[in-house]
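In what follows, every chain begins at residue 1, and chains take the letters A, B, ... in the order their sequences are listed.
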Amino acid sequence: MLARILSNDYPRNRVLAVLLVAILLALAFTPFIFPGVKALNVAAKVLVFVVLVASFDLLLGYTGIVSFAHTMFFGIGAYGVAIASTRMGPGWSAIVVGVVVALALSFVLALAVGLFSLRVRAIFFSMITLAVASAFQTLASQLSDITGGEDGLTFKMPEVLSPGFQWSETPFLGASLDGRLICYYLLFALSLLLLLALLRIVNSPFGRVLQAIRENEFRAEAIGYRVVVYRTMSSILSALFATLAGAMLAIWLRYNGPETSLSFEIMLDVLLIVVIGGMGTIYGAAIGAALFLVAQSYLQDLLKLASDAASGLPWLSALLSPDRWLLWLGLLFVLSVYYFPTGIVGRLRAMRASA
Amino acid sequence: QGKEIRIAHIYSRTGPLEAYGKQTATGLMMGLEYATGGTMTVNGRKITVIEKDDQGKPDLGKSLLAASYGDDKVDLAIGPTSSGVALAMLPVAEEYKKILLVEPAVADSITGEKWNKYIFRTGRSSSQDAISNAVTVDQPGTAIATLAQDYAFGRDGVKAFKDAIKKSKVVHEEYLPQNTTDFTAGVQRIIDRMKNEPGRKVIFVIWAGAVPPFAKLADMDLKKRYNIEVATGGNILPAMVPYNNFPGMEGASYYYFGFSKNQANLWLVTNHYTRFKSPPDFFTAGGFSAAMALVAALKKTNGDTGTDKLISAMEGMSFDTPKGTMTFRKEDHQAMQSMYHFRVAPGARPGAMPDLHLVKEIKPSDMDVPIRNKR
Amino acid sequence: MSLLATKDLTIRFGGHVAVNAVTCAFEPGTLTAIVGPNGAGKTTYFNLISGQLKASAGQVTLDGRDLSGLSPSQRTRAGLGRAFQLTNLFPRLSVLENVRLAVQAARDGAHRRGLNLWSIWSDHRALMQRADEVLNEVNMADKENELVANLPHGDQRKLEVALLMALESKVFMFDEPTAGMNAAEAPVILNLIRKLKQDPTKTILLVEHKMDVVRELADRIIVLHNGTLVADGDPATVIASPIVQEAYLGIAKEAA
Amino acid sequence: MSKDLLTLKGVHTHIGAYHILHGVDLTVPRGQLTMLLGRNGAGKTTTLRTIMGLWKASQGRIEFNGTDITALATPQIASMNVAYVPENMGIFSDLTVRENMLLAARGAKHAGQMDDTRLKWIFSLFPAVEKFWNHPAGKLSGGQKQMLAVSRAIVEPRELLIVDEPSKGLAPAIINNMIDAFAQLKASGVTILLVEQNINFAKRLGDTVAVMDNGVVVHSGSMKELAEDENLQHSLLGLAI
Amino acid sequence: MNKFDFDWKPMALVPLLAILVFPFIGSGSTWVTLTVAGLAMGMIIFIIASGLTLVFGLMDVLNFGHGVFIALGAFVATSVLGSMGDYTSSESLWMNMLAVLPAMVVAMLVAGAVGLAFERFIVRPVYGNHLKQILITMGGMIIGEELIKVIWGPLQIPLPLPEGMRGTLLLGDAGIEKYRLIAVVVGALVFSVLLWVLTRTKIGLLIRAGVQDREMVESLGYRIKVLFIGVFVVGSALAGLGGVMWGLYQQNVTPQMGAQVNVLIFIVLIIGGLGSTTGALIGALLVGLMANYTGFLVPKAALFSNIALMMAILLWRPQGVYALSK
Ligand SMILES: Nc1ncnc2c1ncn2[C@@H]1O[C@H](COP(=O)(O)OP(=O)(O)OP(=O)(O)O)[C@@H](O)[C@H]1O
Ligand SMILES: Nc1ncnc2c1ncn2[C@@H]1O[C@H](COP(=O)(O)OP(=O)(O)OP(=O)(O)O)[C@@H](O)[C@H]1O
Ligand SMILES: [Mg+2]
Ligand SMILES: [Mg+2]
């Protein structure tokens, strides 16, 4: 049973398994163990990013394609829900229409990008996606009549998902039983489902071919696989999953704008999470997303403590100032490449192999 | 009583608007100090400011505001720096039924269509900017071309500007991509359109961000070659350095440290000089004004922070600021305030500190700022 | 009827004609050795047959079917199997996964090749079983979980052959399969080729510079020289022919 | 000046977590051609790479011309007048054949400065090098690349030539040329260390021989002795000739 | 493949583009203004991209942190020029040069020195792995930008153009800013020196060889490590020079200014083909021209002109106009 759910792809390391279960439980009970608005927001963001990062891992870790246009699809999903909810008014039908239209648009764009990818060298392709993604972001902010421009769109969700909806007056274990809670568990279920689906995909015959292409494209073609088709399909699939992640984000935030779902910064975060978690292991996405987002969300708080503690040394306290949080994020990029070349999952699994 | 008054200040401590945000924060703290006479208390209640960094990200700003109201239990919030963040925040104030005092985000819609009754703004709105600028260039027989960035801020700015123009006529609107660095093509289009216009010719620039076109416009010698002038609104001091290329250029500004002579501004300028060795800037004055508005309101309620009490106290309230008296208009909670018609000093030296002369204070009564919200 | 045939097969690189109007047919159940000096066009000839290069002129037919215009993957599916001069595998996958990919590729229909996405719900144990069988045939079952990158050179060459067997190709093309193997190791590969030769439905093409190997295995030798087919016949006659003696073996010393 | 140009004493090499060489002892006498034989995976290539400093010996000592080179970096070792042809040939496929040769000719600043007579000699041995002079080296056939790799190593005179399996993929006629080339080089005083699978090649050229297995040298002696002793060959190399 | 069959087609692209758009623009003086300004802009872009032709084009290091060196150069220039007010405010071009040249030299030295550290701690562990290069150099860029903020503050700093370099020269009815002409001279200088070093000395060959097979180059007796450090340092120094030129052009520097041109210069290199200095120049000129023409004819499309140009070129030559065979 478990084998079937996990598609026969076990964590293959005890520490890893414990870590995964811990994250699963923590996310499942966040509203009750970590009360507060901030904790819930962080947890919801983790849920969204787990899907987003795992979908990127399908592309990067399994197919070996470095694309910077992944946030473009993330943004399309978020804008789909946002625009539909703005135009049609809050409601489930708006969400459905938004998601479906977004999926269709992502499909077409991913197909085009995927087909183009075959004409040029891999790094050229990455740079092209970088340019396309930045152009798309500018386009989104220019089409302000539809997208709300730089300011983005603020919209409402169906009543049951709104904070205004109270289904019990008395809080349970410190969490108020309102629409936010329902919305959170909706995301939780979606996230789990999509993650398991991705696990299935990468462990299917299809997923194996993707890995073969990553390893040796020339030989994959030579033993009878049409690399074009598989690559394109992988691009499309990963784009569709990213679109869904975007929709989840919009549902949670009830806001969307270019900075929120299209920015290059998000792309970088995703890239870093994949690498920290471990490329080519869907589990890495879950672990990486949880660790990174929690760290990122509390980094400034942490730095504040540190810089207060170091107030005796002015230059150190200047470097530790919460305003310089990016400096530490940058350092994290560098250190992760130094010390986690195979990511957390790779590290843990290697420990088992040598033990 | 005796319980502290908790205020969240959410602004861009980092991100693209870091420089602006920091000015606001300085201004806010100095303003509280000034308004409370250095005690930081109103009616015996201590004011505590919790600072949060929205990094210029609307989604982050939104969740920070919710966390401030929900987790930190603040009584009201001030901020943010960017309009996008502000717009994302507005519904949160409504959900938590707490006041958000917007400073210095400018978008009209904050006090326009997206407004709710918990929103007040001390900062100037885009309309106030545009109208005051229109006042400075609007002369009969003038042909104006606008040069703006191609996104909502630029387009709305041009629209407001055009609405406010009465005597002159806008003959051309040029929109360039936000990150434009080479202005040759756009300016050439303007030249081609304007060179045969009779009378006075002005390019009115609405540009936000790090690479404004002024230096390049200056290098093109437009005045000498085509008798085309350049005009634009005020900005923070470093951004106005290139204005010195255009001695005699006129425009309208929200604030310039030398213009206002009232008590609050004198205190601000002197103390800012002693503490930071520099004059206060645009957003410092904004933060200062917000603090003064806040303290005025709290004094009016005798330190009561109940939201309804505060709202009724603030609606229509007049309060002192470094820019003179402002008044929260009852209809949309926008602070009506003076703007300054400036002229770049004739002897201005390129590269030096911007040197502005005051032509005239544009009083609130000189500007017909439309009410755009649906109340 | 011949299984594989080339007709006037030609390719030019700029002004250089690397393969020049080669017409030749290969029968099932035979092993044909292709010899010739370095740069004669042997590898290029293979590339043209397997579709890695596009012919400037001429055609390749398999079972009477014209393969022109088909991609390498389509040709593989049509029954052409090729091992490469330089070892060319999936280094960071296990031995078993390597073979399983070939098994999967050999299954008919998009469904089996993994393109039908519903197949993600289906079981693929059958693929693994077949892969195990193939590994048993080449005596590598004990290494099935090793990463290919960690295998010694000899085992990698063996795995190349295993992939072709798993593909169930009709035509096997070997390009110097024993290059860089010493006299003690080479027989393992040669034994595998010998075993394949016993199947009367398979056609085998072998490029090899070691004349003792050629002499022992080949039913027929063709000679390429400067891209042109210059000799064709049974091993003894061809090896004795003056062109091979001079241009290839260098007996009369005067090389390409 | 000692008799041996190169000596290895108790050299151990690790590649990552793998212990590959377990105390190699090897001497290469000056002016002679030393053959290094052994089964696939015996550690021959690893030995050559360790000499060149491409892997670092974890233990033991390597001496060249009386100098300890164990800890030296590859370029330093190469600058002591050593040429190396690696197993994978190390062809720069982006560069033309001419540019490949030019890089190997350290004394020459541009193609015109390469020694003409020596080039002529190389062209006569390996005609393909001349024929494809201005072509990208990546377009060469497998055997042609091998010829280029050897040509590169001999474009300037060197004291020690270390070559890993030069005959791989070569047509018999070219193998003969290569044997001639090594013979001529030896006659001019060059010391050569050669790894070879082609036993005929070995027999025709070798003066001394060392046989490796499992990361150690299990036999060393003269080539003649080994060539005549079929039993020894069989037990060492696992083949009957 | 013979070195004599010179590939002239890409060279023709630039004049071709200029001639093709002429009928659409109509007015001769407008066309001259746009074309000359576009070409000069291309030269400026070439200068800021020139460092990357070495680092990315030759060494194959996908250095996203390149922009930091551009910003660094510009900031150093503000400090140097700020202290030489007498020279910059003079009307004489020669006096101005006495200020600008030292600024360039100091900027190049500082950028080069920082490049040395960058190579050691950021780039060296990741030679040959593009993905890791992206990540780690991104990290390097963020750190660099933050450090610039720590040193010079987060505010934009004006970098006024020296007096003598201001203003426009008139060619009939068409105008060209003086500063652009100066950029053309500097660009041409950078181009010729680069071209000479890379094609007339063995250095270019060695780098290309070293990228493919480091070990073999070392086995031939060359100290590739030193060479790579050297090239990286020169690349960074050129970026520093580019920063000075770019900063003076914008007359205003911000910590993000380097990151903002990152995509642009990558596009230039891709159009030109990796490793080709001439290609990079052509790419830069095309980008400069294209931006002006579309900006004039269809301003809406100006945003996409670079991308469209790059796509079109890649459809024609998937490796860029002058690709080294790969
Ligand atoms: N892509 C290409 N472009 C230009 N020339 C090529 C290309 N591929 C091969 N050649 C040339 O075609 C000729 C034939 O090469 P091929 O690899 O077929 O030789 P081969 O017979 O396999 O030789 P070897 O025994 O050395 O492997 C060679 O001279 C080679 O330089
Ligand atoms: N990079 C590496 N990582 C791990 N093991 C390696 C590596 N390179 C070689 N080995 C192992 O080291 C041993 C010796 O290899 P080496 O290449 O030196 O053998 P060889 O005698 O040259 O063999 P061949 O005749 O096949 O070239 C082999 O078992 C091989 O698997
Ligand atoms: Mg070949
Ligand atoms: Mg070897």
Side-chain angles (χ1 to χ4, degrees), chain A residues 35-42 44-45 48 78 134-135 137-145 147-156 162-164 176 178-180 249-250 252-261 263 265-266 296-297 299-301 303-304 321-327 329, chain B residues 12-16 18 21-22 25 51-73 82-92 94-97 105-110 113-114 116 149-156 175 177-179 208-209:
Chain A
V37 184
K38 175 154 183 176
L40 196 66
N41 273 328
V42 172
K45 206 167 168 199
V48 172
S134 71
Q137 188 185 346
T138 317
L139 190 70
S141 66
Q142 279 197 359
L143 296 176
S144 48
D145 292 344
T147 60
E150 296 279 283
D151 294 341
L153 294 168
T154 296
F155 48 92
K156 292 198 165 72
S162 304
S176 55
D178 59 9
R180 293 304 275 164
L249 181 78
W252 178 253
L253 288 178
R254 290 166 295 145
Y255 166 82
N256 186 43
E259 274 299 313
T260 303
S261 58
S263 78
E265 215 174 295
I266 299 177
Q296 194 194 36
S297 304
L299 178 64
Q300 281 185 312
D301 300 338
L303 281 175
K304 189 161 165 44
S321 145
D323 298 354
R324 296 281 76 82
W325 67 277
L326 271 170
L327 181 73
L329 184 77
Chain B
S12 291
R13 285 176 69 96
T14 62
E18 172 171 348
K22 292 218 161 122
E51 298 201 338
K52 304 215 170 199
D53 180 10
D54 65 33
Q55 300 170 12
K57 295 173 189 158
D59 50 323
L60 185 58
K62 193 171 175 175
S63 62
L64 285 177
L65 184 61
S68 302
Y69 289 142
D71 298 349
D72 300 328
K73 307 278 181 247
S82 121
S83 291
V85 179
L87 288 167
M89 280 179 168
L90 305 182
V92 179
E94 195 172 21
E95 272 159 28
Y96 285 88
K97 304 200 180 353
V106 291
D108 273 338
S109 49
I110 292 171
E113 52 193 315
K114 301 282 164 57
N116 62 62
Q149 280 153 309
D150 192 7
Y151 74 120
F153 170 77
R155 290 188 175 268
D156 290 352
Y175 297 99
Q178 237 174 311
N179 50 5

remark   = Here the pair of heavy atoms bringing A/Glu259 nearest to B/Gly56 is CG-O, 4.5 Å

ask   = Using 4.0 Å as the upper bound for N to carboxylate O, is an ion pair formed by A/Arg324 and B/Glu18?
value = yes

message = Before you tell me yes or no, could you show the steps for A/Gln142 and B/Gln149 under side-chain contact (heavy atoms from CB on, under 4.5 Å), namely the whole-Å CA-CA distance, both residues' side-chain angles and the distance that decides it to 0.1 Å?
response = CA-CA 10 Å; A/Gln142 279 197 359; B/Gln149 280 153 309; over 6 Å; no

request  = Using side chain to side chain contact (heavy atoms under 4.5 Å, CB included) as the criterion, point out the one residue from A/Leu253, A/Asn41, A/Leu249 that pairs with B/Asp59.
outcome  = A/Leu253

query = Are A/Tyr255 and B/Val92 side-chain neighbours, meaning at least one heavy-atom pair lies under 4.5 Å?
reply = no

inquiry  = I need the B/Ser63 OG to A/Lys45 NZ distance, nearest 0.5 Å.
reply    = 7.5 Å

query = Taking it one step at a time, do B/Lys62 and A/Arg254 satisfy side-chain contact (heavy atoms from CB on, under 4.5 Å)?
reply = CA-CA 10 Å; B/Lys62 193 171 175 175; A/Arg254 290 166 295 145; 3.8 Å; yes

message = Give me the atom names and distance for the closest heavy-atom approach of A/Val37 to B/Ala66.
response = CG1-CB, 3.7 Å

Over all atoms of both residues, closest heavy-atom pair of B/Asp71 and A/Gly36 = OD1-CA, 3.3 Å

inquiry  = Looking at chain A, which one of B/Ala88, B/Pro177, B/Pro91, B/Gly70 has the largest number of heavy-atom pairs inside 4.5 Å, strictly under?
reply    = B/Ala88

ask   = Among A/Thr260, A/Leu326, A/Thr154, which residue forms the greatest number of heavy-atom pairs with chain B at distances under 4.5 Å?
value = A/Thr260

message = Do the side chains of A/Asp323 and B/Arg13 get close enough for a salt bridge, i.e. N-O under 4.0 angstrom?
response = yes

ask   = Between B/Thr14 and chain A, which part of the residue has a heavy atom less than 4.5 Å away: side chain, backbone, both or neither?
value = side chain

message = Could you work out, with side-chain hydrogen bond (donor to acceptor under 3.5 Å, both in side chains) as the rule, every residue matching B/Tyr69, not counting sequence neighbours?
response = none

note = Bottom line for B/Lys114: the part with an atom under 4.5 Å from chain A's heavy atoms is neither

ask   = Any ion pair linking A/Lys304 and B/Glu51 (charged N to carboxylate O, less than 4.0 Å)?
value = no

ask   = Do B/Lys52 and A/Gln300 touch side chain to side chain, with heavy atoms closer than 4.5 Å?
value = no

